[in-house]
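It should be emphasised that the depicted structure is a prediction, and the values quoted were computed from it without experimental measurement.
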Amino acid sequence: MNPVIAKVIVEVPVSRTNRPFDYLVPEWLLPILRVGSRVIVPFGPRKLQGFVIGLLELADGTETSIDPQKLREILEVEDDLPPLTEELLDLAEWMSKQYLCPWITAIHAMIPAVLKGKTERWVVAAAELTAELAGQSPLLHELLRRGAVAYREVEQQFPDEIPLLPGWLSAGWLTTEYHVKDRVTHKQASYVTLLLTDEEALAKADSLPKQAEQMRRVLLHLAPFSGQPIAAKELGELLGVSRPTLKNLAAKGWIRLEQMEVLRNPYAHRKFADAKHSYTAQQQTVLKPIAQAIEQGGFASFLLHGVTGSGKTEVYLAAIEQTLAKGKEAIFLVPEISLTPQMVERVKGRFGNLVAVLHSGLSQGERYDEWRRIIRQQVKVVVGARSAIFAPLRNLGLIVIDEEHENSYKQEETPRYHAREVALWRARQNHGVLIMGSATPSLETYALATRGRYQLLTMNERVGNRPLPQVHVVDMREELLKQNRSMFSQTLYQMIEQRLQNGEQIVLFLNRRGFSTFVMCRSCGYTLTCVHCDISLTYHRTNHTARCHYCGYTIKQPDHCPECQSSHIRFFGTGTQKVEEELSRLFPGIRVIRMDVDTTSRKGAHEELLDRFRRGQGDVLLGTQMIAKGLDFPRVTLVGVIAADTSLHLPDFRAAEKTFQLLTQVGGRAGRHELRGDVVIQTYTPEHYSIRHATKHDYLSFYEEEMLNRKRTGYPPYYRLVLISFSHEQLPVLIQGAQTVADYLKARLQPSTILLGPVASPIPRIKDRFRFQLMLKYRDEPKLIDMLGQMNRHFDEWLKQQQLLMNVDIDPQMLL
DNA sequence: AGCACGCCGACT
DNA sequence: GTCGGCGTGCTC
């Protein structure tokens, strides 16, 4: 038989090992090992987990430099189905090039966290270890008793004996072993299977003594399900029978009691809702080209620009339905924040059990279970946040990205991918259709659409021809002149009062992007900052502490200012509590539901609060941007933005865009149903174009004006950006290092490319490491990615030596 | 990244 | 003379 070679990417996320390693596939693994399999391989002295990215059979005369004699063998295959498809492996390769990350890191982004292997080193007792020898040391004693001890445990409990290990090792008293820990657990539950026929069971039930009532009930219940496993838990709940009863029946040989993997929803096959949805004229218009593209097959991409309330979701669902009808599958991406039960219900209601939902609320195990339904090809539609773009569907026909402009589609850790780009790659690869939708598309996407890269589809009318809400802009400077020092303008005050009288609901929004609660002295202005990072500490109300959310440094909230001893040291920030207090003062008896970090930190609290509001248990929903999107409450007729310009003056070239998007989205929350809506925007800069255009729901005017700014200042979409950041404990080494890289780049970049820096990063120190950065702005630099890859390799060794960390972010979203 | 191997200072 | 510091180099 010809030897089979597997190319394996091992789980070592550094550039030195960022290449396939060759292994021999032992004969007994040939039937189960596939491209995409998760395997365990020997690697140097250790064992590691890895992924098979290719197989090669060495037939006689195969031209290769591989000598199978010199290869080591694959030790194990870990799953019965490979967790990665060949398409995803190709995607991982593309991502590692595109985003300059190790191959394995891209693979890890695609699969559930529990599939990441963890190698553990163990110390194992050997034959030479006798009781007499073991008397010498506590560790040897422990080893003799237990046979093996984890090295980690040795470090913790027997640190003094670590130096002795090599001697013992060569004396043959012990050996070291490596184990790859598989964290996968399959949820097990007890199942009961009737081993008798229907009639036999009924007969036995009759023959049982009178007092054996519980057994009789079980037999009667199980009779029609002969041979089918039924969950024991279900029997217990339904019939009130206890464990011993089932054990007794099993002892008689009438039933089988066993642990089985949980069977999920075997009978929950919901029917597809029939396709009798009525569409608005505009929905029909945009659906036409989409339907045509799906029908034809082949790559097509659309930007669906639809005002809030125009019924974009219905368009997505129709497209998904048609995709399924063609026998293909769909991915539906939504921002994490709009992955609400409401949304999930809507999709599940339409496609029932064919839907898998992936969101951050799931535990690692639950996430893995849901993902496994996809890998087993039991679902056709995957709904989820960013990482759902990697769903291992094999016949992908459609990808929908809702709220395309949301920056949560960009991952802010390695691999720093953008789900939109990955979606484009997968749609192309699968000859599928991509639909991106938004009321406020990102400038990048809209610009490409105007140039024909995406087909632009527009819906500018709301469903049912409901008018867009009336937007009232209030100049807070004038309020101050009118001696109104409250945070509510007269207009907003009156409207709140009126809603309360009518029994209608109100959403109040505090725009605080980029700020959290910080602690400041009102006497001298001193702000509590972290001693390890150059940022303000965040106040935590629950335990009255101030905490750094970068490194975890925590201090007790001081009673007096450390600087001037004043007792006027308070926390400032989101101010939702302050708004709440003010509301209660002005409108006694008002019921406020506050949503902020404090009230939503508990799991499920988010949904619970929204639910209470929906049921009318609150007059006001008060919160930060987490309430801005996707929510749809019929009785909300007033939306107030307390301070619109807080996000306008951030040092981020997208500040105006983000503000416009937020205001437009918030405005879209009002009057979505029968009742008309009003929006009140309070601002100190009513003349600012992002506020002016948001007021008129005028995306196009905003787009044009902002594009001029971007052109003038040289930012996307006119220029593309690469952010290279560095960190080191010592400032001189850091600056020197960043400068060296800058010089390297300067010598290789085209003159049209702008290189900014090195300069200190906006947060100049985190976890006692100083931070510097370089920014590249370029328009046309086709070889840039390759060149950055070369740069990485060129400096790899040197960076390690200097203990410098360097990070490259292609098309960065967050410049803060 | 680990881990092993290998070459120079302070201890029994 | 040895123990142990961490510099250098490799992992199919």
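Contacts between residues 30-51 of chain A and DNA chain C, counted as heavy-atom distances below 4.0 Å, involve A:Pro42, A:Phe43, A:Gly44.
Nucleotides of DNA chain C lying under 4.0 Å from heavy atoms of chain A occupy a range whose first and last members, 5' to 3', are C:dG4 to C:dC12.
Nucleic acid contact for A:Tyr178: sugar-phosphate only, since backbone atoms but no base atoms lie under 4.0 Å from a heavy atom of the residue.
Atom C1' of nucleotide B:dG2 and atom CZ of A:Arg152 are separated by 14 Å, given to the nearest angstrom. A:Lys800 has its NZ atom 11 Å from the P atom of B:dG2, to the nearest Å. Taking atom CG of residue A:Leu799 and atom P of nucleotide B:dA1, one finds them 11 Å apart after rounding to whole Å. For the pair A:Tyr151 OH and B:dA4 C1', the interatomic distance rounds to 13 Å; values are reported in whole Å.
Under 4.0 angstrom from either OP1 or OP2 of B:dC3 there lies at least one side-chain N or O belonging to A:Arg121.
Using a 4.5 Å cut-off on side-chain heavy atoms (C-beta onward), A:Trp122 and A:Tyr178 make no contact.
With A:Phe21 as the aromatic partner, A:Arg19 meets the cation-pi criteria of under 6.0 angstrom to the ring centre and within 45 degrees of the ring axis.
Between A:Pro163 and A:Pro20, the residue anchored nearer the 5' end of DNA chain C, judged by the nucleotide with its closest heavy atom, is A:Pro163.
Environment of CZ in A:Arg748: crowded, with over 12 heavy atoms of neighbouring residues, nucleotides or ligands closer than 6.0 Å.
Take A:Gln98 and apply the side-chain hydrogen bond (donor to acceptor under 3.5 Å, both in side chains) test, not counting sequence neighbours, and it matches no residue.
Ring-centre distance between A:Tyr417 and A:Phe390: below the 6.0 Å cut-off. With ring centers used as reference points, A:Phe726 lies 6.0 Å or more from A:Phe770.
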